[in-house]
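Scroll down for the structure; my scribbles are underneath it.
Chain naming here is simple, since letters A, B, ... match the order of the sequence lines and numbering starts at 1 in each.
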Amino acid sequence: MLKMSTLFLRTLRDDPADAEVASHRLLVRAGYIRRIAAGIYSWLPLGVITLRNVENVIRQEMDQAGFQEVHFPALLPREAYEATNRWEEYGPSLFRLQDRRGADYLLGPTHEEMFTLMVKGEYSSYKDLPLSIYQIQTKYRDEARPRSGIIRGREFVMKDSYSFDIDDAGLEVSYQKHRDAYVSCFNRLGMNYNIVKAVSGAMGGSKSEEFLAPCPTGEDTYVLCPKCGFAANVEAMITKVPVGDPSGVPALEELDTPNTPTIDSLVEIMNSKFGGGYTAADTLKNIMLVADGTPLAVLVPGDREVDLKRLQENLGGIHELRVFEEADFAQHPSLVKGYIGPQDAARSGIKVLADPRVAPGTSWISGANKKDRHARFVVNGRDFTPDAYVEAAEVRAGDSCPECSTEVVIDRAIEIGHIFQLGRKYAQSLGLTVLDHNGKSQTVTMGSYGIGVSRAVAAIAEQTSDEIGLNWPVEIAPAKVHIVATGKEDLPFDTALDIGNKLEAAGVTVMLDDRRDASAGVKFKDAELIGNPIIVVVGKALAEGNVEVRVRKTGDKSEVALADAVSAIFKLLA
RNA sequence: CGGGGCGUAGCGUAGUGGCUAGCGCGCCUGCUUUGGGAGCAGGAGAUCGGGAGUUCGAAUCUCCCCGCCCCGACCA
């Protein structure tokens with residue numbers, strides 16, 4: 001039983017000055033966590049209990065699914081990460097250190113390498129597969145900008161699993177099992193979430209989905225179709241547009257368009273020349289980018305920006321993507337800034353990528369590659385041909401659902417889980433092979449599956465807290481029942497302790513506010529701030545032989561006879 | 001890394017060159033109080049983020065450094 005008289009806890013009356021989002025503010029105020037450095041937090045008793053509760057739900061669901069728990073050190077030698085090139089690729093986000101002899105070590109940001117090597121060390125036959133193993137462990141990433149308390153920390157707790165299969169069909173099965181286990185986890189954790197299509201990005205591999213907890217303070221943006229339920233991270237949103245019909249479009253016509261380096265100025269001059277009817281959506285924006293040192297032209301409709309993050313994810317394998325700077329234009333004098341069009345791309349030798357909205361057969365107003373000149377009736381397929389199509393334009397609410405063409409909505413969310421079909425990338429570079437039934441060596445195919453455990457604590461707090469405090473789902477609250485004893489006589493305190501003992505004997509976790517010196521008001525405020533689901537007040541009502549039972553979530557209060565208290569509480573918890 | 005804000009006791013804050021750095025919460029002692037963050041009295045607690053400088057005198061002005069928060073870039 002957690003007794004407030006001795007619990008290592010100090011709640012704060014004021015919001016901490018350095019916390020803005022609800023989860024951060026309340027977890028600090030209610031005495032769950034304290035900041036140690038940017039993105040690094042210590043956990044006080046209430047926080048540890050809550051974190052363990054979340055861990056245990058996840059652990060039980062993993063075990064239930066037949067996955068086996070292992071544990072790696074956070075401190076790892078450089079070699080394994082050298083083999084997959086991630087010692088370099090991970091860049092400044094990797095915490096690197098040296099031992100006394102100058103040997104390189106790192107603090108693990110994720111453990112694909114170590115799991116691959118562990119399986120390589122133990123197994124060598126297809127008969128051993130499939131295998132799924134996991135750990136719940138502290139990860140370290142030197143984030144450029146830690147944020148929002150424990151939502152994005154530099155040290156955080158993660159559950160990471162890895163599956164090992166002999167073939168693609170097996171991987172699909174393992175992937176699905178993890179997906180199912182994740183659904184069970186997040187349901188039990190009482191979370192509101194969506195499973196959305198994602199791009200696998202730097203992890204490589206083919207299929208990937210994210211579990212997103214909708215929340216205004218989230219960092220991820222995703223689209224959701226209100227009709228068919230299609231959901232995707234904006235990066236993975238698919239644009240479907242019909243092929244244009246260019247048959248009636250006149251021949252390309254070049255125009256004098258003095259002083260029109262921007263889309264707005266271009267639309268204005270077109271409307272004054274041709275009596276209106278033109279909008280930014282009729283123009284073609286030709287954005288010059290540099291991808292890992294190579295220049296690249298990207299075509300998007302003039303009324304849309306290029307979403308660099310989305311583009312980079314869809315290009316795949318690009319480490320640095322940035323827009324052209326003055327120096328880049330200086331190196332490419334054939335590119336007339338403000339008047340670039342794709343018509344002469346072949347001559348400049350720069351690769352042209354088009355957003356799918358710039359579909360074959362569509363006609364555009366575009367730069368004419370001469371200062372103060374534009375062209376209209378520039379038709380894709382007739383006047384220019386992109387080298388490739390790639391999702392590049394920003395996604396907006398109201399865009400068409402790729403499944404059913406309904407207008408999608410856009411929302412923000414916290415990423416709480418991510419599942420990947422990794423494929424053979426890690427197994428290949430680290431040499432994880434097994435013999436198949438013909439005695440031939442086969443490279444194993446892998447999946448990787450993560451849940452942000454400490455982040456889930458914050459995400460649940462975000463989704464469930466209110467103005468007066470935290471408000472945990474039953475399964476993860478520090479205690480299911482919070483008993484407050486009030487008054488100055490011994491009776492309510494003895495009675496409260498007695499109820500607590502009975503509940504604990506029945507397997508219900510209890511927090512007891514047995515402080516003699518705190519006023520009733522303080523105890524009520526603390527109980528609401530701490531956020532256990534059931535609050536039992538033992539005080540005034542005792543005169544009639546009753547105790548008061550409150551439900552934190554709804555605020556409902558009722559008086560029940562002392563003798564019925566335990567069964568009434570059980571009913572509420574069910 | 002770019003932009004913005006901030007750093008004074010455990011927490012929240014006042015204090016733009018002048019006396020012993022002020023207030024609220026929390027903490028300690030005593031008395032009173034005990035159903036919505038009680039009252040009175042007394043008390044402890046501060047290298048004013050650090051260093052250098054200007055000045056008769058610096059929390060306050062100047063320079064350098066450090067740290068924290070927010071937006072963006074970045075981020076399985």
Which pair of non-hydrogen atoms, one from Gly153(A) and one from Glu143(A), has the smallest distance, and what is that distance?
->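 Minimum heavy-atom contact is O-CG, 3.8 Å.
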Looking at Ala213(A) and Met191(A), what are the two nearest heavy atoms and their distance?
->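 Result for this residue pair: CB-CE, 4.1 Å.
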Give me the distance, rounded to whole Å, that separates [N] from [M] when you measure between the [atom1] atoms they each carry.
N       : M       : atom1 : value
rC56(B) : rC64(B) : P     : 24 Å
rA41(B) : rC23(B) : P     : 13 Å
rU60(B) : rG15(B) : C1'   : 9 Å
rU16(B) : rA46(B) : P     : 24 Å
rA58(B) : rC48(B) : P     : 12 Å
rG17(B) : rU29(B) : C1'   : 40 Å
rU55(B) : rC66(B) : C1'   : 26 Å
rG67(B) : rA73(B) : P     : 24 Å

Ignoring hydrogens and angles, state whether a donor on the side chain of Tyr162(A) or Asp160(A) is under 3.5 Å from an acceptor on the partner side chain.
->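 Side-chain D/A pair, Tyr162(A) to Asp160(A): present.
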Any chance the side chains of Glu112(A) and Thr84(A) put a donor and an acceptor closer than 3.5 Å?
->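 Per modelled atom types, Glu112(A) and Thr84(A) side chains form no pair under 3.5 Å.
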Lys540(A), nearest nucleotide to its side chain (from rA73(B), rC69(B), rG35(B)) |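 From the listed options, rG35(B) comes nearest.
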Quick one: which of rC75(B), rU34(B), rC68(B) gets closest to the side chain of Lys488(A)?
->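 Among the listed nucleotides, the one closest to the side chain of Lys488(A) is rU34(B).
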Nearest-angstrom distance from the residue atom [atom1] of [X] to [atom2] of [N]:
X         : N       : atom1 : atom2 : result
Arg550(A) : rG36(B) : CZ    : P     : 10 Å
Arg515(A) : rG35(B) : CZ    : P     : 15 Å
Asp14(A)  : rG12(B) : CG    : P     : 8 Å
Phe524(A) : rA38(B) : CZ    : P     : 12 Å
Arg154(A) : rC74(B) : CZ    : C1'   : 14 Å
Asp307(A) : rC74(B) : CG    : P     : 10 Å
Lys525(A) : rC11(B) : NZ    : P     : 23 Å
Asp15(A)  : rC6(B)  : CG    : P     : 19 Å

Mind checking [X] for me? I need base, sugar-phosphate or nothing, with any heavy atom below 4.0 Å counting as a touch.
X         : result
Val484(A) : nothing
Gly487(A) : sugar-phosphate
Lys309(A) : base
Ser148(A) : sugar-phosphate
Arg147(A) : base
Glu528(A) : base
Arg152(A) : base
Ser93(A)  : nothing
Lys139(A) : nothing
Glu548(A) : base

Taking pairing as Watson-Crick or G-U wobble with both contacts under 3.5 Å, can you name the mate of [N], or confirm there isn't one?
N       : answer
rA58(B) : none
rG26(B) : none
rG67(B) : rC6(B)
rC48(B) : none
rU33(B) : none
rA14(B) : none

Using a strict 4.0 Å threshold on nitrogen-to-oxygen distance, state whether Arg424(A) and Asp168(A) make a salt bridge.
->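 A salt bridge is present here (some side-chain N lies under 4.0 Å from a carboxylate O).
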Return no unless some side-chain N or O of Thr486(A) is found under 4.0 Å from OP1 or OP2 of rG35(B).
->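 Answer is no, no contact under 4.0 Å.
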Just to confirm, is there a sub-4.0 Å distance from OP1 or OP2 of rC1(B) to any side-chain nitrogen or oxygen of Arg145(A)?
->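 Result: no.
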Row check, Phe524(A) ring normal vs Arg550(A) NZ/CZ: under 6.0 Å, within 45° =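 Pair Arg550(A)/Phe524(A) counts as cation-pi.
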Cationic tip of Arg516(A) above Phe493(A) ring, under 6.0 Å, 45° of axis |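 Satisfied, under 6.0 Å and within 45°.
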Side-chain donor or acceptor of Arg35(A) under 3.5 Å from a matching atom on the base of rG10(B)?
->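 Check fails, no donor-acceptor contact within cut-off.
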Among Glu235(A), Glu394(A), Glu391(A), whose side chain to side chain donor-acceptor pair (under 3.5 Å) with Arg310(A) holds?
->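 Filter result, single survivor: Glu391(A).
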Could you check Glu20(A) against Asp526(A) and say which one's nearest nucleotide on RNA chain B is further toward the 5' end?
->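 With Glu20(A) and Asp526(A) compared, the 5'-side residue is Asp526(A).
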If each of Ala541(A) and Val21(A) is mapped to the nucleotide of RNA chain B with the nearest heavy atom, which maps nearer the 5' terminus, i.e. the 5' end?
->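 Here Ala541(A) is the residue nearer the 5' end.
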